[in-house]
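Only this structure's heavy atoms are used, side chains among them; waters, hydrogens and symmetry mates stay out. The chains referred to below are lettered A, B, ... by the order of the sequence lines, with proteins before strands, and numbering in each begins at 1.
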There are 2 protein chains.
Amino acid sequence: MPTIKEVSALAGVSLATVSRVMNGSDRVKEETKARVRRAMEELGYTPNSAAQSLASNRSNTLGMVVSWLDGPFYGPVMSGVEEELRRYNKHVIIASGHGDAEQERDAVNYLKARQVDGLILLTECLDQDYLNKLSDELPIYLINQHYDGLDKRNMFLDNEGGGYAATKYLIEQGHTKIVCAAGQAHKQDARERVMGYRRAMEEHGIPYTEDYIEHTVFDLPGGLAAMHLFEQKGIEFTAVTAGSDEMAIGVLEWAKQHHLTVPDDISVIGFDNQLVANYVSPRLTTMDFPAYDMAKACARMAVHEIYHKKEPNGFEFKPTLVVRNSVAPPKA
Amino acid sequence: MPTIKEVSALAGVSLATVSRVMNGSDRVKEETKARVRRAMEELGYTPNSAAQSLASNRSNTLGMVVSWLDGPFYGPVMSGVEEELRRYNKHVIIASGHGDAEQERDAVNYLKARQVDGLILLTECLDQDYLNKLSDELPIYLINQHYDGLDKRNMFLDNEGGGYAATKYLIEQGHTKIVCAAGQAHKQDARERVMGYRRAMEEHGIPYTEDYIEHTVFDLPGGLAAMHLFEQKGIEFTAVTAGSDEMAIGVLEWAKQHHLTVPDDISVIGFDNQLVANYVSPRLTTMDFPAYDMAKACARMAVHEIYHKKEPNGFEFKPTLVVRNSVAPPKA
DNA sequence: TTGTATGCGTTATCAT
DNA sequence: ATGATAACGCATACAA
């Protein structure tokens, strides 16, 4: 492995000059710059990142904590972060928190010990207090999580707008009896999606009561449970806005149990556009969650702020409607 | 951040001694060892990994190249590797090859430039020649990929046994007219699973012809395509062994198109036990692919060999049957 | 614009 | 069993 020293010898300059050329030219004469570059080429030089880190007190590495490495949502996010960082010649160390508060804090500590230059968090169990203290120590960026003191380092989804769009689509198809099967009431995204549902109903002058809304859990059994609750309450409906694709699949299940056909007898719209949405039958109409794009944007923002002293600017992403086969106009 | 120097001062020993205590053993008197440990505790000392790397010429990091960060299969693998390495206080840098030969090589180069101590590969596009040269440069470990010169650093699945077990289960349920919808013929795992199918049929004295086997693609349309081919050939069957869960879902789709009920009219068994297998209706009976365990074993083996000079010992994993609702005895 | 010198925190080689 | 001390490869303050 060639070092900066050999490069400097070959190019006939000092170590410092080579270093300058690498770190995006301070002021170096174009000519010598070229000479150094050529020497680097010739030797196949690649910088030793450990030495760089030690000397600069920077690891050129961001840490990323995700709740799960294998959830359907995290693949695209990790993919986006990794790709974007690689573009800037930084890297990412990923640690999993396993959806547990203590382990998530462990993961953070682990990454801090690795002297990461910043932290990208896609977690569920870290509270504001903790994040507060943490952000005093190093820059942290939140994906899909609101945090009052940090709105500039925050990338999140317009859940309200998504809920609105989903419901509006159902309305445009002619539905008026629309129930809302939502996720855990304590989760902000679940609540926001419901807000969107409400706004859509209200803006279109469609009456509904609180009985039309059930908060259960963001998964298949949750969807099923919500439907059973609607059923018990004797509510009539022709369409369901589900809080997630998994819940929507629970609705599909329920329909099947009752020998109802989707979308002929009942329409369902999901949320997230997970991989599974494409594999169930009928394929789910749903709101696409641009997780990959969010992740890329987040990584880019982090790089710019940490390494290039730019200002952060959090960003809100809009989900988009993906029309497939689980929604149709109501039967006359 | 406290350094080794401060620790040595507080403990009243030299730098070297502290270093010895950290790096396990050497011979240090228990008493001083304890004193040093206490000093580390007190200061909340954590080693600077960049300095360690620089001095030891080791990064304590393994590189991992996966074809995709977001495929359903890779989550558990990354999860397993990450967890296991963290246990040993090593880490992993993950790079994605995007299923493209050039990008996979790029990813390898990127990681080599990061001076990783070894490489875990879960790739599809790197050929034997390339791997040959690569393994001269640094230790490489292969997950789910055969490589003749490297069978000791190889973790793979007993695909043949899996195909056998799946088919045998169908046979035990009373089926005899069993077709095999397999993945790409050029993929070794696809072929091996078919071998298992053959062996099961033969061992049970059940006649079948080459027409009972179709190689298409490991995905939903592939499953659908295979079924259409069987249909065109006018083959009668009561059960299908699919090469993957996605293909099995294609079979489900096909059954639906023909107003056939699974498992009443036709039985289907998948392979992989992906997340989706639980979300389709009926839930898929399938062979579980222990990706997580394989990944853990691979990481452990790599750590032992690279950092503790142990001998590698590749390992073969057995898939296990997961009984759900897509298989039933044939109708009388 | 370029070169010199120092230090980053650790490991490892010698001593003792 | 422990201590001095020289690397490791690079960044950077300071000098020229």
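When atom types are taken as modelled, the side chain of A:D117 and the backbone of A:L62 share no donor-acceptor pair closer than 3.5 angstrom. For A:D127 (side chain) and A:D129 (main-chain N/O), a donor-acceptor pair under 3.5 Å exists by modelled atom type. Using a distance-only test at 3.5 Å, with no hydrogens or angles considered, a donor-acceptor pair links the side chain of B:S53 to the main chain of B:R58.
Counting to the nearest Å, the P atom of C:dT1 and the CZ atom of A:R35 are 15 Å from each other. When the P atom of C:dC8 is taken as reference, atom CD of B:E6 falls 11 Å away, rounded to whole Å. The interatomic distance linking A:E31 (CD) with C:dT2 (P) rounds to 8 Å, in whole Å. Distance, B:R20 CZ to D:dG3 P: 8 Å, rounded to whole Å. Rounded to an integer number of Å, the gap from A:K5 NZ to D:dA7 C1' is 11 Å. A straight line from CG of A:N60 to P of D:dC10 spans 13 Å, rounded to a whole angstrom. Distance CG (A:L54) to P (D:dC10): 12 Å, rounded to an integer number of Å. The distance between atom CE of A:M1 and atom C1' of D:dC10, rounded to the nearest whole Å, is 15 Å.
Nearest nucleotide to the B:A55 side chain, out of C:dT10, D:dT2, D:dG3: C:dT10. Comparing D:dA11, C:dG3, D:dT2 by their nearest atom to the side chain of A:M22 picks out D:dA11.
At the phosphate of C:dG9, neither OP1 nor OP2 sits under 4.0 Å from any side-chain N or O atom of B:T3. A close approach under 4.0 Å does not occur between any side-chain nitrogen or oxygen of B:S56 and OP1 or OP2 of C:dT11. Contact annotation: A:N23 side-chain N/O to D:dA11 OP1/OP2 distance is under 4.0 Å. Taking side-chain N and O atoms only, B:S19 has a distance below 4.0 Å to OP1 or OP2 of C:dT11. Within the 4.0 Å cut-off from OP1 or OP2 of D:dA11, at least one side-chain nitrogen or oxygen of A:Q52 is found. Between B:T17 and D:dT2 there is no side-chain polar atom (N or O) within less than 4.0 angstrom of OP1 or OP2.
Under the 3.5 Å distance criterion, with hydrogens and angles disregarded, no donor-acceptor pair is assigned to the side chains of A:E6 and A:Y45.
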One pair to check against side-chain contact (heavy atoms from CB on, under 4.5 Å): A:E82 and B:I94. What are the steps and the verdict? CA-CA 8 Å; A:E82 189 260 346; B:I94 300 173; 5.6 Å; no
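Within the 4.0 angstrom heavy-atom criterion, only backbone atoms of the sugar-phosphate kind lie near A:T32; the bases stay farther away. Across all strands, A:V13 comes closer than 4.0 Å only to sugar-phosphate atoms, never to a base (heavy-atom distances). Within the 4.0 angstrom heavy-atom criterion, no nucleotide atom of any strand lies near A:N57.
Taken to the nearest 0.5 Å, the OG atom of B:S14 stands 6.5 Å off from the CZ atom of B:R20.
Residue-to-nucleotide proximity on DNA chain D shows that, of B:K29 and A:I4, the 5′-proximal contact is made by B:K29. Ranked by how close their nearest DNA chain D nucleotide is to the 5' end, B:L15 and A:P47 are led by B:L15.
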